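I have placed the structure first, in the form of structure tokens, so that the comments after it can refer back to it.
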2 protein chains.
Amino acid sequence: MVAPAEVSSLHDAVSTRLHHAGQRRTPTRDAVVDVLAAAGRPLTIPEILEAHTDLAQSSVYRNLVILEQAGVVHRIVTNAEFARFELAEDLTGDHHHHLICSSCGVVADAPASDGIERAVHRAIDEVERATGFRTTAHRIDLVGLCRNCA
Amino acid sequence: MVAPAEVSSLHDAVSTRLHHAGQRRTPTRDAVVDVLAAAGRPLTIPEILEAHTDLAQSSVYRNLVILEQAGVVHRIVTNAEFARFELAEDLTGDHHHHLICSSCGVVADAPASDGIERAVHRAIDEVERATGFRTTAHRIDLVGLCRNCA
DNA sequence: ATTCGTGCAAATAGTTTGCAGCAGA
DNA sequence: TCTGCTGCAAACTATTTGCACGAAT
């Protein structure tokens with residue numbers, strides 16, 4: 001969730017990243033970013049289309065690919081039928097993990113605690129030393145039942 | 001990776017779970033379990049078919065669904081084109097996390113350290129108290145470049 | 001005898017892409 | 001003007017499913 005006052009600076013940052021990726025800022029891309037910023041949780045393509053009924057499905061798919069390449073959005077793939085998309089963490093300045101409901105498929109954000117981040121980074125160092133794997137990102141998902149489904 | 005001596009007890013455990021789920025133990029299911037046990041890393045359907053060229057693709061898909069419902073295998077969905085499957089952790093007795101190469105898509109297992117597990121469980125407690133979410137499993141993936149792609 | 005797993009081929013569905021028109025630089 | 005974004009419809013592909021046969025109980 002992004003406060004209204006931060007929306008224009010968000011669009012500036014998005015514009016910069018698009019430009020850096022050799023892409024333009026367009027109304028459709030702004031619209032997609034707006035929907036994701038307003039939602040504050042990862043959305044599916046149908047959810048995005050529902051919020052903006054004037055957009056063509058193919059354009060949303062195409063622009064999400066571009067926004068992903070530009071580092072603006074992040075694609076989350078679960079076992080559910082649709083992939084989900086959210087704004088990149090370094091744009092919203094909020095590192096978080098996911099609570100995935102195995103019953104209804106909804107995905108909620110959960111703030112990352114200092115403790116867990118420290119532990120993860122220690123583990124990453126260990127893995128790099130042991131295996132030579134170069135970690136660029138990590139992902140922590142808790143799978144279970146949301147309050148509604150429990 | 002499962003040592004040969006453990007294979008028969010593995011099949012016993014699989015058989016029990018299948019029976020509990022109202023399913024039979026069949027040669028095809030044994031074959032799939034064998035391939036996964038021998039691999040020691042999550043495999044795609046094409047990889048499974050390659051190891052057992054006499055199996056029909058649809059049978060493998062169908063049996064993986066059944067084995068998943070019986071709690072024998074676990075499905076891993078990444079952004080790669082194919083889903084991957086591995087034996088359930090409580091069958092192999094080995095809790096691990098994943099190293100996902102964003103370049104070639106290969107997924108390797110990494111042992112879970114005590115430190116990170118403690119931190120994760122503290123975080124889970126926090127989340128349960130704060131949100132009412134009931135966590136049944138967690139997933140930690142490190143995304144980056146494997147030794148070959150780096 | 002009947003239930004259930006298997007293999008083949010056809011169907012399904014999320015996602016991608018070709019193409020013609022149009023808008024911004 | 002020229003590049004490239006958009007919308008529509010068609011194509012693509014991982015996965016699922018209908019059906020008939022054979023195996024196991």
Side-chain angles (χ1 to χ4, degrees), chain A residues 11 14-36 42-70 72-86 105-107, chain B residues 11 14-15 17-35 42-70 72-86 105-107:
Chain A
H11 279 299
V14 170
S15 183
T16 302
R17 295 199 185 191
L18 281 172
H19 185 75
H20 187 266
Q23 298 286 350
R24 292 183 192 161
R25 172 179 177 180
T26 71
T28 306
R29 290 168 194 173
D30 274 2
V32 169
V33 169
D34 280 340
V35 175
L36 293 179
L43 298 182
T44 63
I45 302 259
E47 284 172 339
I48 295 172
L49 289 172
E50 202 174 332
H52 256 280
T53 52
D54 54 324
L55 298 181
Q57 188 189 47
S58 61
S59 292
V60 174
Y61 272 108
R62 233 180 315 225
N63 282 305
L64 283 170
V65 170
I66 288 168
L67 289 168
E68 191 185 14
Q69 287 170 345
V72 173
V73 309
H74 181 222
R75 178 193 300 240
I76 303 168
V77 185
T78 68
N79 323 34
E81 46 187 348
F82 295 101
R84 288 178 179 269
F85 298 84
E86 67 181 353
V106 79
V107 179
Chain B
H11 279 298
V14 169
S15 184
R17 296 199 183 190
L18 281 171
H19 185 76
H20 187 265
Q23 298 286 351
R24 293 183 191 161
R25 172 179 178 180
T26 73
T28 306
R29 290 167 194 174
D30 274 2
V32 170
V33 169
D34 279 340
V35 175
L43 298 182
T44 63
I45 302 259
E47 284 171 340
I48 296 172
L49 290 172
E50 203 173 333
H52 255 280
T53 52
D54 54 323
L55 298 181
Q57 188 188 47
S58 61
S59 292
V60 174
Y61 272 107
R62 238 184 307 230
N63 282 305
L64 283 170
V65 170
I66 288 168
L67 289 169
E68 191 184 15
Q69 287 169 346
V72 173
V73 309
H74 180 223
R75 177 192 300 240
I76 303 169
V77 185
T78 67
N79 325 35
E81 46 187 347
F82 296 100
R84 288 179 179 269
F85 298 84
E86 66 182 353
V106 77
V107 179

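For clarity, every value in this text was computed on a predicted model and none was experimentally measured. Scope of the values below: all heavy atoms of this structure, side chains included, with no hydrogens, waters or symmetry mates.
- In this structure, A:L64 atom CG and D:dT6 atom C1' are separated by 15 Å, rounded to whole Å.
- Computed from coordinates, the B:L43 CG to D:dA14 P distance equals 17 Å when rounded to whole Å.
- The nearest whole Å value for the distance from the CD1 atom in B:I45 to the P atom in D:dT13 is 17 Å.
- Less than 4.0 Å separates DNA chain D from at least one heavy atom of each of the following residues of residues 46-58 of chain B: B:Q57, B:S58.
- The shortest non-hydrogen separation linking B:L18 to B:R24 is CD1-O, 3.5 Å.
- Dense packing is recorded around NE2 of B:H52, with more than 12 heavy atoms of other residues, nucleotides or ligands lying under 6.0 Å away.
- Residue B:R25 contributes atom CZ, which lies 18 Å from atom C1' of C:dT6 at whole-angstrom precision.
- Looking at heavy atoms from C-beta onward, A:H11 lies in side-chain contact with A:D30 at the 4.5 angstrom threshold.
- Here the CD1-OH distance, from A:I45 to A:Y61, works out to 4.5 Å after rounding to the nearest 0.5 Å.
- Nearest heavy-atom pair across A:R84 and A:V106 is NH2-CA, 3.9 Å.
- OP1 or OP2 of D:dT15 lies within a sub-4.0 Å distance of a side-chain N or O belonging to B:Y61.
- The CD atom of A:E81 sits 22 Å away from the P atom of D:dT13 (whole-angstrom rounding).
- Considering every non-hydrogen atom in both A:I66 and A:R29, the closest pair reads CD1-NH2, 3.3 Å.
- Using modelled atom types, no side-chain atom of A:R75 and backbone atom of A:L64 make a donor-acceptor pair closer than 3.5 Å.
- Annotation: side chain of A:Q23 is not in contact with side chain of A:L67 (no heavy-atom distance under 4.5 Å).
- A straight line from CG of B:N79 to P of C:dT16 spans 11 Å, rounded to a whole angstrom.
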Protein-nucleotides 2-5 of chain C N/O pairs under 3.5 Å:
residue	atom	partner	partner atom	Å
C:dG5	OP1	B:Q23	OE1	2.9
C:dG5	O5'	B:R29	NH2	3.4

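- For the residue pair A:I48 and A:L36, the shortest heavy atom distance occurs at CD1-CD2, 4.1 Å.
- Looking at A:R62, its side chain comes within 3.5 Å of the base of D:dG7 through a donor and an acceptor atom.
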